[in-house]
Amino acid sequence: MNLCDIREVRALLDRHGFRFSKSLGQNFLVAGWVPRQIAEAGGGDAACGVLEIGPGIGCLTRELCLRAGKVVSVELDPALPPVLEETMAGADNFTLISGDILKLDIPGLVERHFQGLTPLVCANLPYNVASPILKALLETGRFRTVTVMVQREVALRLAAKPGTAAYGALSVYMQYHARPEILFDVPPECFLPAPKVTSSVIRCQVRETPAVAPACGEEFFFRTVKAAFVLRRKTLCNSLCTAFGSPLGKDGVAAAITRCGLSPTVRGEALGMEDFAALADCLWAALS
Ligand code: SAM
């Protein structure tokens, strides 16, 4: 069965009485070049175990199974396992797990299924929960690369550099854990149903150790980063005061900013990873 032939896909879905769910971000790929190119970019080889989130009817899953040693796909929609049983029949390196990726023990899954293999992620993510899924995956520190398709706007934010409009707390979070690279765009007509937005495939090479190691620790570092972007159009000092103004006062926040070598009128969006680490440490010291 050709899973990228719209007539065959419609017949398959009708046979199973399947209805698309908007809330599950169900836009299935129906242009053969896209799953092939995603798998080629991030699906690894026989030495790799690939975790796929949201196999849908399996068009990317099939491409992954052709390349990887093992593929484990996690699907939330209980209507899809019977469809996958049909479309993935004969793929003996494929395992389906029914459930919500945001509720699963991901390190446990890797341990159980990918012994002796290099774990990777390759997926066309449900766009409405793409950021929490990426965070859950990166936090585990278990994957060598994470290659995913997301809304183009999200891909731009993930890979954005300081001083650009797309740069924000999500960019810092991603680049703290990984080196993201936007590979190619995918237009809406490649999906069934067609989404309203353009999509992009992004490959994230996960860092062996985070980009910076502030003495204040990871949690306080990210509290600082979030606070720096709360008031994007204001100065860093005003933005930071939303989180730290009450204990430190505006003068205390301004002093911490100058102590780490930054201008008091700088905006949060101008700060790179090292600047954030220095700032977080100065704020931490001022609070201690
Ligand atoms: N991989 C298929 C493709 O490329 O055609 C389908 C991708 S579709 C954009 C997203 C898939 O993720 C859907 O099958 C949806 O049911 C599933 N999904 C949504 N939320 C999920 C979650 N929290 N955990 C696991 N799967 C989820």
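All of these numbers come straight from a predicted model, not from anything done at the bench. Ligands are counted one by one from 1 in listed order, and the atoms in each one are counted from 1 as well.
- Proximity of Phe191 to Val34: side-chain heavy atoms (C-beta onward) are nowhere separated by under 4.5 Å.
- In terms of N/O distances under 3.5 Å, ligand 1 is approached by Leu29.
- The closest heavy-atom contact to atom 13 (C) of ligand 1, among the options Glu75, Met149, Lys103, comes from Glu75.
- Leu236 CG to Leu271 CG: the interatomic distance, rounded to the nearest 0.5 Å, is 5.5 Å.
- For ligand 1, the atoms closer than 4.0 angstrom to any heavy atom of Leu80 are 14 (O).
- Across Ile97, Asn124, Val129, heavy-atom proximity to atom 3 (C) of ligand 1 is greatest for Asn124.
- Put simply, the side chain of Tyr176 does not reach to within 4.5 Å of the side chain of Phe276, judged on heavy atoms.
- Contact annotation for Leu76 and ligand 1: heavy atoms of both the backbone and the side chain come within less than 4.0 Å of the ligand.
- Of all atoms in ligand 1, listed by their number and element, those nearer than 4.0 Å to a heavy atom of Leu125 are 9 (C).
- Using a 4.0 Å cut-off between heavy atoms, Pro55 contacts ligand 1 through its backbone alone, with no side-chain atom that close.
- Counting heavy atoms from C-beta outward, Leu29 and Met149 have side chains that approach closer than 4.5 Å.
- Around atom 25 (C) of ligand 1, the closest heavy atom drawn from Leu104, Thr61, Leu3, Val74 belongs to Val74.
- In this structure the side chain of Trp284 never reaches within 4.5 angstrom of the side chain of Thr224, judged on heavy atoms.
- Contact annotation for Glu52 and ligand 1: only side-chain heavy atoms (C-beta onward) come within less than 4.0 Å of the ligand.
- Ligand 1 has a nitrogen or oxygen under 3.5 angstrom from a nitrogen or oxygen of Gly54.
- Side-chain contact annotation: Thr61 with Glu52, donor-acceptor N/O pair under 3.5 Å present.
- Assignment of Gly99 to the shell around ligand 1 is supported, since a heavy atom sits closer than 4.0 Å.
- Tyr173 carries Lys135 over the face of its six-membered ring, with the cationic atom under 6.0 Å from the centre and within 45° of the normal.
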